[in-house]
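Here the structure is a predicted model, which is why all the values come from computation and not from measurement. Chain letters run A, B, ... following the sequence lines, proteins first and then strands; every chain starts at 1.
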Amino acid sequence: MILALDIKSQLTDLIRAACAAVSPQASELSIVLERPKNAQHGDYACNVAMQAAKQLKRNPRELAQAIVAALPASCLIGKAEIAGAGFINFFIGIGAKQAVVREVLAAGVRYGETDRGRGQKISLEFVSSNPTGPLHVAHGRAAAFGASLANVMAAAGFVVQREYYVNDAGRQMDILTASTWLRYLQLAGADVPYPPNAYQGDYVQAMAQEILAQYGARMARTVTAVMTNVPALKEDACEKDRETARDARIDALIANAKQLLGGDFRLIHAHALKVQVDDMRADLTEFGVDYDCWYSEQSLYDNGLLDQALGKLIAAGHTYEEDGALWFRATQFGDEKDRVLRRSNGQYTYFAPDIAYHASKYDRGAEVVIDLWGPDHHGYIPRVRAAIAALGRDPEKFIVIISQLVKLYREGQPVKLSTRAGNYVTLRDLRTEVGRDAARFFYILRKSDQQLDFDLDLAKSQSNDNPVYYIQYAHARISSVFERWGGDRALLQDAKLDALTNEREAQLLQTLLDYPEVIANAALDYAPHALAYYLKDLAGHLHSYYNAEQFLVDDDALKLARLALIAAVQQVLRNGLVLLGVSAPERM
RNA sequence: GUGCCCGUAGCUCAACCGGAUAGAGCACCGGCCUUCUAAGCCGGGGGUUGUGGGUUCAAGUCCCGCCGGGCGCGCCA
């Protein structure tokens, strides 16, 4: 929706008109309005006079004076004064601000929406964890960030497609399949060794149980058969050699599994995939994170999109063969080295289907593609960008947001995590421990490219230390006032607002006015944390107001005006919390 | 070694793409509950924005050097 009451753009128009009257050249200037930190500097400050002073060869303060003098008459501006080096400070009349209350109450859940995104189609991919085990706390951050960003962008007028790329075709899934089978063999009584780089979690055991229950001993094989041609580990060698040996060992086990099981390998594979994807989906749904599309990597092989994408690259001459492998000339598109698409063993790299996947995002209508990745993938960005460029798409329309590491703290000490032992903290653990609201909120409190220290005790604490409760409490307090009042909230829509005149009321009105722009900026900057800080701010102003003034007063006009104001505040608090996936409780 | 990201109060972090006296919370000190929820409010101390230069009316923000930290640099994903 487009606000009737957009003070900032109305003011911008007035200033532009004034500039045009002062000088034809000045009419070309871009008018930037900013909310001063210092209340003495008014509600909006404009620096256009300082920007223009040089090219107009005029003194900035004198120029500012001329612009102010040329301002068209408007009931919006209570006062405009020159300050500092040439700022024009605007004080908005309280009457103009009061109208925001009616605006908020009329718009309701839609207050804050703008058309800044102009309906641009965005593909936003986030989490996309391998379906080889439960989501852990880093995925949780990506989930919370991606979901909040998608909500904020949608509110700002973008059309957002939320995507999860399911890596159901790669080697990791084969390892999970083999892991499940090995556990199954152990359950069936076979004394097979379990490799250290197979999946260690208990969920593998659980899947093995299910396979055993469903298919009985039909997939059992002798240990000798399973271990045929499986090379030994080299635990006394150096780290690099040990890793190579481990890789070779698990690859041999996978090859044996495929050969010994035939079609049954696909059965275990399909079972494991379904269990893991269902589990992740349930986990995310419980976290308030939903997707428009779960996109299968395997489908790119099956429906020919992979061949199509590679065919395009080959036809355009962007590939070559060397050492038996197929290479992409990534260096011609800004990457630091060329990249392998198809290995000499005939297998495609992870990169190859990923190119097809990204191509499909654009082919399905995305104007801008945004990927949210972990920090360990940032070296991968130039490669994908190069491929997008090679396919004739604008690489500027491909944006990667890096979601940095999450460190957990308990009692001031970092929580030790060891992926190898399989005892990492899952998202589900975290949700169980601190609750969904605190988890969602804490996760987006930091800029995505900054490491996040997650204080478990703080997130759990039901105290004033906890910013989630601080905001929710403001919302609940307002509910409590209305419960005490007992009147009909619909009456507030038409309440007279003239009585809202004191400093705290002016502050609240202005903060409500800021909300749509906060949403828009958070969307354009990919920075949902800005919304969290705004809500803390709004809640703070409400708490101050609550403490300073009585709402349920004898003076009827004053009472209704104040109730209308806090109803509007509550609406905005709720709207903001909804975008962040945090509940807005009526009582606490 | 090379590339990217980061360095702001004792701690965790903001700062509206270059604006005015760098702001919150925690911690510390002092006040406020017979009045709509004290999970709250009011007040106080605390800073050479890692460092040295540069750009300009104006730099935490932009450019260069250095110091310190994180991550990446596979025919892995």
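Using a 4.0 Å cut-off between charged nitrogen and carboxylate oxygen, A:Lys559 and A:Asp555 do not count as a salt-bridge pair.
Side chains of A:Asp354 and A:Tyr380: a donor-acceptor N/O pair is present below 3.5 angstrom, by distance only. Counting only N and O atoms by type, the side chains of A:His377 and A:Asp371 include no donor and acceptor under 3.5 Å apart. For the residue pair A:Gln172/A:Asn167, the side-chain donor-acceptor check at 3.5 Å is not satisfied.
An OP1 or OP2 oxygen of B:rA20 is reached within less than 4.0 angstrom by a side-chain nitrogen or oxygen of A:Lys37. A:His529 has a side-chain polar atom (N or O) that falls below the 4.0 Å cut-off from OP1 or OP2 of B:rA15. Phosphate proximity of B:rC41 to A:Tyr470: present, with a side-chain N or O under 4.0 Å from OP1 or OP2.
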Using atom names, set out every protein N or O paired with an N or O of nucleotides 1-8 of chain B below 3.5 Å, distance rounded to 0.1 Å.
residue: B:rG3; atom: N2; partner: A:His378; partner atom: NE2; Å: 2.9

Write down the protein N/O and nucleotide N/O pairs, taken from nucleotides 74-77 of chain B, whose separation is under 3.5 Å; answer none if there are no such pairs.
residue: B:rG74; atom: OP2; partner: A:Lys337; partner atom: NZ; Å: 3.2
residue: B:rC75; atom: O2; partner: A:Ser344; partner atom: N; Å: 2.8
residue: B:rC75; atom: O2; partner: A:Ser344; partner atom: OG; Å: 3.1
residue: B:rC75; atom: N3; partner: A:Ser344; partner atom: OG; Å: 3.2
residue: B:rC75; atom: N4; partner: A:Asp323; partner atom: O; Å: 3.1
residue: B:rC76; atom: OP2; partner: A:Arg343; partner atom: NE; Å: 2.9
residue: B:rC76; atom: OP2; partner: A:Arg343; partner atom: NH1; Å: 2.9
residue: B:rC76; atom: O5'; partner: A:Arg343; partner atom: NH1; Å: 3.1
residue: B:rA77; atom: OP1; partner: A:Arg343; partner atom: NH1; Å: 3.4
residue: B:rA77; atom: OP1; partner: A:Arg343; partner atom: NH2; Å: 3.4
residue: B:rA77; atom: OP2; partner: A:Tyr350; partner atom: N; Å: 2.9
residue: B:rA77; atom: O2'; partner: A:Asn130; partner atom: ND2; Å: 3.2
residue: B:rA77; atom: N3; partner: A:His377; partner atom: NE2; Å: 3.2

Short heteroatom pairs, N/O only, protein and nucleotides 54-59 of chain B, under 3.5 Å:
residue: B:rC57; atom: OP1; partner: A:Lys54; partner atom: NZ; Å: 2.9

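A residue-by-residue look at A:Lys536 and A:Ala45 shows that A:Ala45 has its nearest nucleotide of RNA chain B further toward the 5' end. Residue A:Arg587 is the one, among A:Ala539 and A:Arg587, whose nearest nucleotide of RNA chain B lies closer to the 5' end (criterion: closest heavy atom).
Between B:rC17 and B:rU61, the distance separating the two C1' atoms is 8 Å to the nearest Å. Between the P atoms of B:rA22 and B:rA59, the separation comes to 13 Å (whole Å). For B:rC42 and B:rG47, the P atoms lie 23 Å apart once the distance is rounded to whole Å. Rounded to whole Å, the separation between the P atoms of B:rU21 and B:rU49 comes to 14 Å. Across B:rC75 and B:rG60, the matching P atoms stand 45 Å from one another, rounded to whole Å. With P as the reference atom, B:rU35 and B:rG43 are 22 Å apart, rounded to whole Å. Straight-line distance between the C1' atoms of B:rU8 and B:rU51: roughly 14 Å, to the nearest whole Å. Separating the C1' atom of B:rC13 from that of B:rG18 is a span of 22 Å, rounded to the nearest Å.
Using a 4.5 Å heavy-atom cutoff, the side chains of A:Trp373 and A:Ser403 are not in contact.
Using a 4.0 Å heavy-atom distance criterion, A:Ala548 is classed as making no nucleic acid contact. Counting any heavy atom pair closer than 4.0 Å across all strands shown, A:Glu549 reaches a base atom. Within the 4.0 angstrom heavy-atom criterion, base atoms lie near A:His41.
Distance A:Tyr534 OH to B:rG25 C1': 19 Å, rounded to the nearest Å. Following rounding to the nearest Å, A:Gln510 (CD) and B:rC16 (P) show an atom-to-atom distance of 17 Å. We find that OH of A:Tyr546 is positioned 12 Å from C1' of B:rA39, with the value rounded to whole Å.
Closest contact between the side chain of A:Ser544 and the listed nucleotides B:rA14, B:rC42, B:rA20 involves B:rC42. Picking from B:rU21, B:rA14, B:rC71 the nucleotide with the shortest atom distance to the side chain of A:Gln40 gives B:rU21.
When all heavy atoms are compared, the tightest approach of A:Ile82 to A:Val68 is CD1-CG2, 3.5 Å. When all heavy atoms of A:Phe351 and A:Val340 are compared, the pair lying nearest together is CD2-O, 4.1 Å. The minimum heavy-atom distance linking A:Glu81 with A:Gln40 is given by the pair OE2-O, 4.3 Å. Considering every non-hydrogen atom in both A:Ala438 and A:Ala459, the closest pair reads CB-O, 3.4 Å. Annotation for A:Ser583 and A:Gln472: closest pair O-NE2, 2.8 Å, computed over non-hydrogen atoms. Across all non-hydrogen atoms, the minimal contact from A:Ile471 to A:Ala532 is CD1-O, 4.3 Å.
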Residue pair A:Leu33, A:Leu11: steps toward the side-chain contact (heavy atoms from CB on, under 4.5 Å) verdict: CA-CA 9 Å; A:Leu33 278 175; A:Leu11 197 51; 3.8 Å; yes

For ring-ring contact (aromatic ring centres under 6.0 Å, His included), just list the numbers for A:Phe145 and A:Phe126, CA-CA rounded to whole Å, side-chain angles, deciding distance to a tenth of an Å, and then say yes or no. CA-CA 9 Å; A:Phe145 184 93; A:Phe126 56 105; 9.0 Å; no

side-chain contact (heavy atoms from CB on, under 4.5 Å) for A:Leu508 and A:Tyr545? Distances and angles first, verdict last. CA-CA 9 Å; A:Leu508 276 170; A:Tyr545 187 42; 3.3 Å; yes

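Relative to the ring axis of A:Phe333, A:Arg385 does not place its NZ or CZ within 45° and under 6.0 Å from the centre.
Less than 6.0 angstrom separates the ring centroid of A:Phe454 from the ring centroid of A:Tyr443. Side-chain rings of A:Tyr164 and A:Tyr295 stay apart, their centers remaining 6.0 Å or farther from each other. Under the 6.0 Å cut-off for aromatic ring centres, A:Phe328 and A:His318 do not qualify, their centroids lying 6.0 Å or more apart. Taking the six-membered ring for Trp and the full ring otherwise, A:His543 and A:Tyr470 have centroids separated by under 6.0 Å.
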Could you run through nucleotides 28-34 of chain B and give me one letter per nucleotide, 5' to 3': B if any protein heavy atom sits under 4.0 Å from the base, S if only the sugar-phosphate is that close, - if neither? -------

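Of the residues in residues 550-560 of chain A, those placing a heavy atom less than 4.0 Å from an atom of RNA chain B are A:Gln550, A:Phe551, A:Leu552, in numerical order.
For B:rA20, the base has a donor-acceptor partner in the side chain of A:Asn89 [N/O atoms by modelled type, under 3.5 angstrom].
No donor-acceptor pair under 3.5 Å is formed between the side chain of A:Gln570 and the backbone N or O of A:Ile478.
In secondary-structure terms, RNA chain B builds stems of at least 3 consecutive Watson-Crick or G-U pairs, each pair having both distances under 3.5 Å, at B:1-5 with B:69-73, B:10-13 with B:23-26, B:28-32 with B:40-44, B:50-54 with B:62-66.
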